[in-house]
Amino acid sequence: MARTWLSITVELLGGRGDDLWPPPGRTFAVGPSHTFMDFANAINTAFARWDPAHLSEFTLSDGTTVADLESSLDFVSSGFGPVQLLEDIERTKVAKTVGLGDEFRFVFDLGDNWVHRCEVHPIKIDPIEILGSRPRTPLPYWGWGDIPDQYGRSWSDDDGESQPGARPDQPEPMLDPRWPAAPTISRGDLHEVRRALSARGGDALLSAIAGRQVDDALQQIAVGAALLLESGDARMEALVLSFVNRLNARGLPGDKVLGEELLARMRGDTSPGREAPVDLDMLATMLGDSEHLTGAYVDLETGAVIPVGDGLPDADDPVDVETDPDRFLWLDRYEADDRWNDRMAFAAQQRDRDLRRRLETALDGKGALQTFRSAIDEADLVERWLVFSTDAELGRARGRLAEHDIRPALP
């Protein structure tokens, strides 16, 4: 490893008449070609100077001043104070001017006088080892402390006399990792997704989801991961991996199962379980019909879903389990608690605390179904709930199959 770069720690000692303790600091990697102006710009950026239109000046331990020649020449030649040597900040290289273990001073804004102590580490560093690259400008790679505003302001309208406004009662929305709360995919967009899946169009699928909020429809969208991966674009691998992370974070029934299948696709591995051409939409619909059906048989050879209940199956759907027990899989219908859990999960994901409480309250007690419907209608969440509940039922059907080591074929 070629250790040719300097490591320089810069501590902000104070400014605007105040001393800072403990002083905040940053440690920079500085290369052989970097000038003092490069270093000054890097320091000012790292210490959050948003108005760089001020002079910067370095003073070395021998008294040499490194500054803007044109602006400093009058001061140096004024005939007052000690004799000063002056070096051009635009041309003088840091590595050729200071040595290992040296200390020197940096001042930004000669009016407010932000003073920094700079100390060169006694050992040089390899930028590839420390940074992973050789940046064109000095780059901080370590740091600590609170950075004060260069004009001493704490908020945008701070005039030094007024008081800041009261802290809001609600948390800042950007603190929520799910920000931004973009509108959920509309039915039209989901239609585009389905058309893309039917036509095996990866570009069309990407167009249907790019820039959209997809977390309510992951089961309906993530199954198209194979189409995205076929492009060979490395960005698509990152996108599919994001689907896996979103599924695991959401944690609805069947989400983990689908996430594992997507990971297997990415790695070129065989997914667990026996693949069957099951119509997952049909299966979810049948298992969700709690009023008329007791469950359904799944024909693992053809993928057909055969409903059972109220005189079903009929003569056109013969199910001979005794003759061919490995062909037909029986699945019970969804329980009432399953749908209640879906509603609670939908309520829990609402970022607005008051809305979340209203939905959770609606689900408590008698008449919860009607109360919940009224609450989501009032909040204009009906369409979003339909997308979410459809996704939950698809995931539950996928999970039920996985319990029997069966997985529906991905597109």
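Quick caveat: nothing in here was measured; it's all calculated off a predicted structure.
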Student: Atom CZ of residue position Arg16 - does it have more than 12 heavy atoms of other residues, nucleotides or ligands inside 6.0 Å?
Tutor: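 Counting neighbours around CZ of Arg16, more than 12 heavy atoms of other residues, nucleotides or ligands fall under 6.0 Å, so yes.
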Student: Stepwise, does the salt bridge (Lys or Arg N to Asp or Glu O under 4.0 Å) test hold for Arg339 with Glu393?
Tutor: CA-CA 9 Å; Arg339 298 203 173 201; Glu393 293 195 351; 3.1 Å; yes
Student: Go through the steps for Arg3 and Asp126 under the test salt bridge (Lys or Arg N to Asp or Glu O under 4.0 Å), then give the verdict.
Tutor: CA-CA 4 Å; Arg3 297 180 178 272; Asp126 174 18; over 6 Å; no
Student: Hey, are the side chains of Glu378 and Leu355 touching, using non-hydrogen atoms and a 4.5 Å cut-off?
Tutor: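 Sidechains of Leu355 and Glu378: no contact.
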Student: Would you tell me whether Gln219 and Asp391 have side-chain atoms, one donor and one acceptor, within less than 3.5 Å of each other?
Tutor: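 Side-chain D/A pair, Gln219 to Asp391: absent.
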Student: Side-chain polar contacts of residues 143-152 - donor-acceptor pairs under 3.5 angstrom, sequence neighbours left out - could you list them?
Tutor:
unit_1: Trp144; atom_1: NE1; unit_2: Pro23; atom_2: O; d: 3.1
unit_1: Asp149; atom_1: OD1; unit_2: Trp50; atom_2: NE1; d: 2.8
unit_1: Asp149; atom_1: OD2; unit_2: Tyr151; atom_2: N; d: 2.9
unit_1: Asp149; atom_1: OD2; unit_2: Gly152; atom_2: N; d: 3.2
unit_1: Asp149; atom_1: OD2; unit_2: Arg153; atom_2: N; d: 3.0
unit_1: Gln150; atom_1: OE1; unit_2: Trp50; atom_2: N; d: 3.0
unit_1: Gln150; atom_1: OE1; unit_2: Asp51; atom_2: N; d: 3.0
unit_1: Gln150; atom_1: NE2; unit_2: Asp51; atom_2: O; d: 3.1
unit_1: Tyr151; atom_1: OH; unit_2: Asp51; atom_2: OD2; d: 2.7
unit_1: Tyr151; atom_1: OH; unit_2: His54; atom_2: NE2; d: 2.7

Student: Counting heavy atoms not belonging to Met282, are there more than 12 under 6.0 Å from its CE?
Tutor: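 No, the 6.0 Å shell around CE holds no more than 12 heavy atoms from other groups.
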Student: Are Phe28 and Tyr141 close enough that their ring centres sit under 6.0 Å apart?
Tutor: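 Phe28 vs Tyr141: aromatic centres not under 6.0 Å.
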Student: If you measure from CG on Leu401 to CD on Glu275, what distance do you get to the nearest 0.5 Å?
Tutor: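 So the gap between those two atoms works out to 12.0 Å.
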Student: Check step by step if side chain to side chain contact (heavy atoms under 4.5 Å, CB included) holds for Glu261 and Val257.
Tutor: CA-CA 6 Å; Glu261 290 188 46; Val257 174; 3.8 Å; yes
Student: List in chain and number order the residues that pass side chain to side chain donor-acceptor pair (under 3.5 Å) with Thr302, two or more places apart in sequence or in another chain; answer none if no residue qualifies.
Tutor: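 Here the qualifying residues are Asp299.
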Student: Does any part of the side chain of Asn245, heavy atoms only, come nearer than 4.5 Å to the side chain of Leu247, both counted from C-beta?
Tutor: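 Contact flag for Leu247/Asn245 side chains = no.
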Student: Should Val115 and Phe108 count as side-chain neighbours, where that means a heavy-atom distance under 4.5 Å?
Tutor: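 No. Closest side-chain heavy atoms not under 4.5 Å.
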Student: Step by step, would you call Ile125 with Leu131 a side chain to side chain contact (heavy atoms under 4.5 Å, CB included)?
Tutor: CA-CA 10 Å; Ile125 61 172; Leu131 306 173; over 6 Å; no
Student: Could you check whether Thr9 and Thr27, counting side-chain N and O atoms only, form a donor-acceptor pair closer than 3.5 Å?
Tutor: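 Short answer, yes.
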Student: Looking only at side chains, do Arg250 and Gln349 share a donor and an acceptor under 3.5 Å apart?
Tutor: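 No, no side-chain donor-acceptor pair sits under 3.5 Å.
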Student: Can you list the steps and then say if Asp342 with Arg396 is a salt bridge (Lys or Arg N to Asp or Glu O under 4.0 Å)?
Tutor: CA-CA 10 Å; Asp342 293 343; Arg396 186 170 290 109; 2.7 Å; yes
Student: How long is the straight-line distance from CG of Leu20 back to CD of Glu11, given to the nearest 0.5 Å?
Tutor: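 Reported to 0.5 Å precision, the distance equals 11.0 Å.
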Student: Compare every heavy atom of Ala42 with every heavy atom of Pro138, then report the nearest pair and how far apart it is.
Tutor: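 Result for this residue pair: O-CB, 3.5 Å.
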Student: Would you compute the distance between atom NE2 of His34 and atom CD1 of Ile8 and round it to the nearest 0.5 angstrom?
Tutor: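 The CD1 atom of Ile8 is 11.0 Å from NE2 of His34, to the nearest 0.5 Å.
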Student: Might you point out which heavy atoms bring Glu360 and Ala348 nearest each other, and give the distance in Å?
Tutor: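 Looking at all heavy atoms of both residues, the shortest contact is OE2-CA, 4.4 Å.
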Student: Go through the structure and list residues passing side chain to side chain donor-acceptor pair (under 3.5 Å) with Glu230, not counting sequence neighbours.
Tutor: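 Testing Glu230 for side chain to side chain donor-acceptor pair (under 3.5 Å), a comparison that skips the adjacent residues, returns Arg200.
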Student: So, the side chain of Asn341 versus the backbone of Asp337: is there a donor-acceptor pair under 3.5 Å, distance only?
Tutor: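 Here the side-chain-to-backbone pair exists.
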Student: According to the interplanar angle, ranging from 0 to 90°, do the rings of Phe104 and Phe36 count as parallel (below 30°), tilted (30 to 60°) or perpendicular (above 60°)?
Tutor: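 Plane angle over 60°, so perpendicular.
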Student: With rounding to the nearest 0.5 Å, note down the distance linking CZ in Arg105 to CZ in Phe58.
Tutor: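 Here the interatomic distance stands at 12.0 Å.
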Student: Under 6.0 Å from the CG atom of Asp203, do we count more than 12 heavy atoms belonging to anything else shown?
Tutor: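 Counting neighbours around CG of Asp203, 12 or fewer heavy atoms of other residues, nucleotides or ligands fall under 6.0 Å, so no.
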Student: Checking Arg327 side chain against Val298 main chain: does a donor-acceptor pair fall under 3.5 Å?
Tutor: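 A pair under 3.5 Å: no.
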Student: Going through the distances and angles, do Ser374 and Asp377 end up as a side chain to side chain donor-acceptor pair (under 3.5 Å)?
Tutor: CA-CA 5 Å; Ser374 298; Asp377 184 50; over 6 Å; no
Student: So, for Ile89 and Ser56, which heavy atoms are closest and what is the spacing to 0.1 Å?
Tutor: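 Between these two residues, the closest heavy atoms are CD1-O, 3.9 Å.
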Student: More than 12 heavy atoms of other residues, nucleotides or ligands under 6.0 Å from CG of Asp354: is that the case?
Tutor: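 Yes, the 6.0 Å shell around CG holds more than 12 heavy atoms from other groups.
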Student: Whether the side chain of Arg333 engages the backbone of Thr294 through a donor-acceptor N/O pair (distance < 3.5 Å, no angle test) should be reported.
Tutor: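 No; judged by distance alone, with no hydrogens or angles, the pair does not exist.
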Student: Passes side chain to side chain contact (heavy atoms under 4.5 Å, CB included), Leu60 versus Thr97? Steps please.
Tutor: CA-CA 9 Å; Leu60 307 185; Thr97 308; 3.4 Å; yes
Student: Please tell me whether Thr361 and Asp364 have a donor and an acceptor in their side chains that are separated by less than 3.5 angstrom.
Tutor: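 Checked: Thr361/Asp364 side chains show no N/O donor-acceptor pair below 3.5 Å.
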Student: Under a 3.5 Å distance rule, please check whether Asp112 uses its side chain to pair with a backbone N or O of Asp109 as donor and acceptor.
Tutor: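 The answer is no, because no donor-acceptor pair under 3.5 Å joins these two groups.
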Student: Given the side-chain rings of Trp114 and Phe106, with only the six-membered ring counted for Trp, is the space between their centroids under 6.0 Å?
Tutor: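 No, ring centres 6.0 Å or more apart.
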Student: Which is it for Glu237 and Leu229 under the side chain to side chain contact (heavy atoms under 4.5 Å, CB included) test, yes or no, and what are the steps along the way?
Tutor: CA-CA 6 Å; Glu237 291 189 5; Leu229 293 173; 3.9 Å; yes
Student: Test your reading of the model: is there a side-chain donor-acceptor pair from Asp102 to the backbone of Val98, 3.5 Å cut-off?
Tutor: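 Not confirmed, Asp102 side chain does not pair with Val98 backbone.
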Student: What's the spacing between Ile128 CD1 and Ser133 OG if we round to 0.5 Å?
Tutor: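 Answer for the CD1-OG pair, Ile128 versus Ser133, is 6.0 Å.
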Student: Within a radius of less than 6.0 Å around CH2 of Trp142, do more than 12 heavy atoms belonging to other residues, nucleotides or ligands occur?
Tutor: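 Open.
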Student: Do you know which two heavy atoms are closest between Val244 and Gly259, and how far apart they sit?
Tutor: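 Shortest heavy-atom contact: CG2-O, 3.8 Å.
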Student: Indicate yes or no: does Asp405 engage Arg274 in a salt bridge with an N to O separation below 4.0 Å.
Tutor: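 So Asp405 does not pair with Arg274 through a salt bridge.
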Student: Can you find a heavy atom in the side chain of Thr59 that is under 4.5 Å from one in the side chain of Thr64?
Tutor: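 Side-chain contact under 4.5 Å: no.
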Student: Taking all non-hydrogen atoms of both residues, which atom of Leu287 and which atom of Leu331 are closest, and how far apart?
Tutor: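 That would be CD2-O, 3.6 Å.
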Student: Rounded at 0.5 Å granularity, tell me how far CZ in Arg407 sits from CG in Leu280.
Tutor: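 So the CZ of Arg407 and the CG of Leu280 are separated by 13.5 Å.
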